[in-house]
A.B. asks: 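A single structure is presented below for examination.
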Amino acid sequence: MSEEKKINIEDGNLDEQKNKADEQQAAENTHEEATQEEEKQEQNDSQSDEKQEEKDPLDAALTEIQNLKEQMLYKQAEFENYRKRTIKEKAELILNGGEKTITAILPVLDDFERALADKTDDPKAIKEGMELIFHKFVKTLEGLGVKKIDTADKDFDVDFHEAIAMVPGMGDDKKGKVIDCVQTGYMLNDKVIRHAKVAVGQ
């Protein structure tokens, strides 16, 4: 009886060991299958990445070309607008460049008309009226950036003066100096627009 029980126990242990071995084998098979599946997935991913890498440079280049085309078209349109605007402004400047000057001088012209319309015979009043108009005209020119070139007791300077006569015997202190101004010179801002015609001591 005890031997039979012993055999049964041993058989039970064998079955249990066999079951454990089967479970272990199944687990190992499952693990191996999972590992193979992972390796296969990694291989597929790697191939997919390689294909993507092959496509990416071309797509990037095409996208960059498209962007550059759009930028070029935008810059071209912008430059064309600028060119047209500049041409228009230049044409307007040529046609109406003197508008500011004419507008500033018109009040002086009005004064001349009023002076001519005045029937007074008083020489003093006429002279005073002319002097007033003259000073107003000079102020108007100064407002436009026009100023007279000063010549009184100045050294002769070819940048501002034009010698039309040499005056000898004026003494050493007058040598090379402006003796007389025959025609007034003028500057517009810092540019000489008419040289002063002068007589110079010799």
A.B. asks: Among residues two or more places apart or on two chains, list those pairs meeting salt bridge (charged side-chain N to carboxylate O under 4.0 Å, His left out) that have a residue in residues 115-133.
C.D. replies: none
A.B. asks: Output a table of donor-acceptor pairs, distance under 3.5 Å, between side-chain atoms of residues 64-81 and any protein atom two or more places apart or on a different chain; print 'none' if there are none.
C.D. replies:
residue	atom	partner	partner atom	Å
Asn67	ND2	Thr63	O	3.4
Glu80	OE2	Arg83	NH2	2.7
Asn81	ND2	Ala77	O	3.3

A.B. asks: Measuring from Phe156:CZ to Glu162:CD, what's the distance to the nearest 0.5 Å?
C.D. replies: 8.0 Å
A.B. asks: What pairs of donor and acceptor atoms, side-chain ones from residues 189-202 against any protein atom, are under 3.5 angstrom apart with sequence neighbours left out?
C.D. replies:
residue	atom	partner	partner atom	Å
Arg194	NE	Thr184	O	3.0
Arg194	NH2	Thr184	O	2.6
His195	NE2	Asp159	O	3.3

A.B. asks: For a side-chain contact (heavy atoms from CB on, under 4.5 Å) check, start with the C-alpha distance between Thr120 and Ile126, then their side-chain angles and the critical distance, and finish with the verdict.
C.D. replies: CA-CA 8 Å; Thr120 184; Ile126 293 170; 4.0 Å; yes
A.B. asks: More than 12 non-hydrogen atoms from neighbouring residues, nucleotides or ligands closer than 6.0 Å to CE on Met130, yes or no?
C.D. replies: no
A.B. asks: Under the side-chain contact (heavy atoms from CB on, under 4.5 Å) rule, collect the residues that match up with Leu106, sequence neighbours excluded.
C.D. replies: Ile102, Leu109
A.B. asks: How many angstroms lie between atom CD1 of Ile179 and atom CG of Asp153, to the nearest 0.5 angstrom?
C.D. replies: 8.5 Å
A.B. asks: Shared ILVMFWY cluster between Val182 and Phe160, side chains joined below 4.5 angstrom?
C.D. replies: no
A.B. asks: Which atom pair, heavy atoms only, marks the closest approach of Ile149 to Met187?
C.D. replies: CG1-CG, 3.6 Å
A.B. asks: Not counting sequence neighbours, which residues clear side-chain hydrogen bond (donor to acceptor under 3.5 Å, both in side chains) with Lys177? List them please.
C.D. replies: Asp155
A.B. asks: Carefully, step by step, assess Lys147 and Tyr186 under the rule side-chain contact (heavy atoms from CB on, under 4.5 Å).
C.D. replies: CA-CA 6 Å; Lys147 61 181 180 181; Tyr186 290 96; over 6 Å; no
A.B. asks: Return all side-chain donor-acceptor pairs below 3.5 angstrom for residues 134-146, not counting sequence neighbours, or 'none' if the list is empty.
C.D. replies:
residue	atom	partner	partner atom	Å
Lys136	NZ	Asp111	OD2	2.9
Thr140	OG1	Lys136	O	2.8

A.B. asks: Please check if Leu116 and Val108 belong to a single hydrophobic cluster, counting links between Ile, Leu, Val, Met, Phe, Trp and Tyr side chain heavy atoms closer than 4.5 Å.
C.D. replies: no
A.B. asks: Would you give the length of the straight line joining atom CG of Leu58 to atom CG of Leu62, rounded to the nearest 0.5 angstrom?
C.D. replies: 4.5 Å
A.B. asks: Rounded to the nearest 0.5 Å, how far does NZ of Lys154 lie from SG of Cys181?
C.D. replies: 13.0 Å
